[in-house]
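Worth saying up front: this structure is predicted, and the values here are computed from it rather than measured. Naming convention: chains lettered A, B, ... in sequence-line order (proteins, then strands); numbering from 1 in each chain.
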Protein chains: 2
Amino acid sequence: MAKTTTHQKAAAVRQRGVTMSDVARHAGVSRTAVSFVLSNRENASISEETRIRINDAVQALGYRPNAGARALASQRSDWYGLVTEIVTAPFAVDIIKGAQDQAWLDHRFLLIAPSDQADAVGPNQGLEDAATEKLLEQRVEGLLYAATYHRGVHVPESAHEVPTVLINCFDADGKLPSIVPDERAGGRVAVDRLLRAGHSRIGVINLDPHIPAAIGRLEGAREALAGAGLELDPELVVSGHATADGGYEAACQILDRYPQQDRPTALFCLNDRMAMGAYDAIKERGLTIPGDIAVIGFDNQELIAAYLRPKLTTVALPFEKMGALGVQTLAALTAGQPITADQQLVDCPLLERSSV
Amino acid sequence: MAKTTTHQKAAAVRQRGVTMSDVARHAGVSRTAVSFVLSNRENASISEETRIRINDAVQALGYRPNAGARALASQRSDWYGLVTEIVTAPFAVDIIKGAQDQAWLDHRFLLIAPSDQADAVGPNQGLEDAATEKLLEQRVEGLLYAATYHRGVHVPESAHEVPTVLINCFDADGKLPSIVPDERAGGRVAVDRLLRAGHSRIGVINLDPHIPAAIGRLEGAREALAGAGLELDPELVVSGHATADGGYEAACQILDRYPQQDRPTALFCLNDRMAMGAYDAIKERGLTIPGDIAVIGFDNQELIAAYLRPKLTTVALPFEKMGALGVQTLAALTAGQPITADQQLVDCPLLERSSV
DNA sequence: TCCCTTTTTGACAACGTTGTCTTCGTTCGG
DNA sequence: CCGAACGAAGACAACGTTGTCAAAAAGGGA
């Protein structure tokens with residue numbers, strides 16, 4: 001009696017407790033059969049008829065497998081955890097998109113946890129550790145760490161308990177595999193584009209020269225120039241704060257430093273925000289883009305690049321691809337496959353618009 | 001003997017199988033005691049000493065509760081599902097941020113699933129249904145739907161099985177509670193700001209006049225003008241495509257239509273992208289901002305508003321707040337509390353910068 | 001010492017699956 | 001009509017918890 005009461009109460013409280021047994025009962029078969037059909041196993045041996053009966057029962061009852069129970073019993077969750085500060089500083093959201101789409105394709109679920117590792121390597125790992133811990137409690141099969149900008153990071157200790165891949169950042173301790181943009185090739189592509197348009201005197205508006213993005217892109221620029229038998233004039237490289245204002249000031253410096261005939265005819269801005277400022281500096285001086293000065297950016301920040309007038313030709317960071325590749329790499333790792341390289345470089349494609 | 005072998009094998013295969021029993025054994029107490037301590041229950045009656053012993057054991061063994069098992073046994077997952085196209089079209093990422101932060105505070109986990117409901121009401125619900133279904137399989141306790149732009153949506157049938165809240169959109173069928181921006185108040189605030197700066201002849205660059213944002217903001221503008229004894233001159237309202245180009249064209253129309261003395265001295269652009277275009281139109285005509293023409297935007301798209309020169313004064317959409325409020329509302333619903341209104345309006349704050 | 005309270009234990013059933021094994025009918029070919 | 005071969009059923013242990021309960025042990029006061 002007491003037992004019955006308990007059951008009824010539970011049933012009343014539960015929103016929708018259709019279990020495999022219910023399906024089996026409704027289809028007039030055994031639980032075993034249902035389990036076989038639903039996870040359509042190899043060593044099947046289920047007649048087409050019962051298979052259909054079971055599927056019908058699933059439909060009729062609106063049965064939904066319980067992911068948690070399945071994970072518990074089968075000891076695999078099909079979940080990956082993604083720790084990222086991107087949600088906080090949504091510059092690289094496309095990483096999430098790429099990762100999520102890929103995970104979806106692989107029938108895996110991405111658990112996204114926030115990180116506040118606002119910047120760099122420092123042990124500001126309060127939230128980050130907690131996030132990792134929470135994800136491991138959910139028994140994720142692997143971890144991804146994604147950063148808003150390309151840099152070295154330290155990952156919490158516990159991340160080493162499961163396969164882990166870094167996206168748009170790399171392990172400062174050099175132990176974990178990572179996916180990063182090929183900044184160098186990107187810089188080369190940008191400057192090549194300018195060279196191809198006939199420019200040979202090219203000003204460069206640089207970022208903080210110590211970050212990987214600046215180092216790689218500048219190196220690429222040098223290579224491209226070298227390919228054309230030219231050298232990068234150090235005088236034409238001006239660093240600025242990575243904002244529109246910074247770009248504006250840097251552009252003013254470059255433009256005002258020389259008489260007209262010596263003035264560079266093109267500017268390579270190491271990010272789009274600075275290109276935005278450079279536009280203003282150029283226009284202010286009554287010069288036209290790309291007529292008098294060609295401008296090429298980097299990052300392909302849609303809101304800027306596609307809406308500047310004229311629209312900005314720029315090199316895109318392959319966020320989406322990196323996200324997808326991260327998940328693929330993780331999938332390989334969790335499947336026990338060895339991965340080839342610890343650092344995978346992803347191409348930065350040129351986006352032609354109208355500023356060159 | 002056979003049993004021992006099995007255990008060893010299991011332990012070898014499992015990555016890290018520390019269970020509650022292990023903790024109990026290590027602490028020299030019963031499982032029950034451990035369970036009591038870890039979920040620190042009311043009817044406890046556990047001595048301080050054993051409590052400490054248990055916590056030490058947890059530390060020592062690196063025990064991590066298995067969330068899935070806990071969910072299974074306790075019939076509550078502490079998970080909310082968030083279905084959104086925001087990741088695809090990352091205009092309103094801050095909704096995710098707000099929701100996630102709030103969920104974190106409430107010790108709940110947000111499962112984010114992608115929706116491709118790229119636009120509007122239509123039954124393009126392939127992925128969306130699938131996402132909802134997946135989330136329900138994970139036994140989420142409630143669902144959130146978030147849209148990139150304020151509009152009416154249809155939600156999959158199965159969403160009605162658990163408490164559901166809409167963010168930045170509303171149920172076209174009028175059944176589900178929603179959180180939306182107070183567009184009207186926003187429009188009022190914007191125009192009030194212009195009036196306060198002494199402008200009385202105000203041009204309006206409108207969005208597609210049928211969407212909730214346009215309707216509300218325009219209505220608010222009218223109210224503000226009425227408060228100053230003015231009326232909205234229909235001639236001064238020009239609709240354009242919601243892009244920089246659209247804004248540019250609309251601004252040209254407004255600016256060129258009148259001789260200088262009749263020209264509006266301020267423009268209210270219903271979004272920042274159009275304000276960006278308007279800037280160009282104004283500057284092209286040799287006019288200054290805000291000297292000759294004041295400009296006020298809407299949306300506060302950081303990349304634009306904060307980087308335009310001069311920086312754009314605009315009205316912000318309260319994405320983050322809406323996200324947080326959505327989670328709070330959902331928490332109230334799942335806790336069985338009745339909620340007050342089916343549609344909660346959230347204020348759109350004015351962000352003063354330098355264009356007025 | 002005895003009773004009463006406070007801790008603590010042990011046992012057991014649930015939760016919804018997976019996975020393995022044995023058994024039991026059928027049906028069919030020979 | 002016998003033995004395969006196949007399809008399916010049934011039983012059971014496992015997964016790691018929660019939750020409930022009765023009962024045992026430890027301590028304290030009179």
Five-pair end axes of the helix from C/dT1-D/dA30 to C/dG30-D/dC1, angle between them (10°): 50°
Expected list for residues 97-110 of chain A: side-chain donor-acceptor pairs under 3.5 angstrom, two or more places apart:
residue: A/Lys97; atom: NZ; partner: A/Asp101; partner atom: OD2; Å: 3.0
residue: A/Gln100; atom: NE2; partner: B/Ile112; partner atom: O; Å: 2.9
residue: A/Gln102; atom: OE1; partner: A/Gln328; partner atom: NE2; Å: 3.2
residue: A/Gln102; atom: NE2; partner: A/Asp106; partner atom: OD1; Å: 3.3
residue: A/Arg108; atom: NH1; partner: A/Glu141; partner atom: OE1; Å: 3.4

Heavy atoms from C-beta onward define the side chain here; which of [options] lies closest to that of [X]?
X: B/Ser30; options: D/dT17, C/dT17, C/dG10; result: C/dG10
X: B/Gln75; options: C/dG16, D/dA8, D/dT20; result: C/dG16
X: B/Leu72; options: C/dG19, D/dA9, D/dG16; result: D/dG16

List in chain and number order the residues that pass side-chain hydrogen bond (donor to acceptor under 3.5 Å, both in side chains) with [X], two or more places apart in sequence or in another chain; answer none if no residue qualifies.
X: A/Thr84; value: none
X: B/Ser47; value: B/Thr50
X: A/Arg70; value: none
X: A/Thr88; value: none

Could you state the atom-to-atom distance from [atom1] of [X] to [atom2] of [N] in whole Å?
X: B/Glu49; N: D/dG27; atom1: CD; atom2: P; result: 10 Å
X: A/Phe36; N: C/dG19; atom1: CZ; atom2: C1'; result: 8 Å
X: A/Met20; N: D/dA9; atom1: CE; atom2: C1'; result: 13 Å
X: A/Arg25; N: D/dA9; atom1: CZ; atom2: P; result: 14 Å
X: A/Arg139; N: D/dT17; atom1: CZ; atom2: C1'; result: 11 Å
X: B/Glu48; N: D/dG27; atom1: CD; atom2: C1'; result: 18 Å
X: A/Asp22; N: C/dT17; atom1: CG; atom2: C1'; result: 13 Å
X: A/Arg70; N: C/dT17; atom1: CZ; atom2: P; result: 8 Å

For [N], does either OP1 or OP2 sit under 4.0 Å from a side-chain N or O belonging to [X]?
X: B/Ser35; N: D/dT18; answer: yes
X: A/Thr19; N: C/dC15; answer: no
X: A/Ser74; N: C/dT18; answer: no

Toward the 5' end of DNA chain D, by each residue's nearest nucleotide, B/Ala69 or B/Thr32: B/Ala69
Position toward the 5' end of DNA chain D (nearest nucleotide), A/Arg53 or A/Arg31: A/Arg53
B/Gln344 side chain to B/Thr329 side chain, donor-acceptor N/O pair below 3.5 angstrom: yes
Donor-acceptor side-chain pairing of A/Thr334 and A/Tyr80 below 3.5 angstrom: yes
Touch class at under 4.0 angstrom, heavy-atom based, for A/Ser21 against every strand present: nothing
Position toward the 5' end of DNA chain C (nearest nucleotide), B/Ala33 or B/Ala73: B/Ala33
Salt-bridge contact B/Arg53-B/Asp56 (side-chain N to carboxylate O under 4.0 Å): no
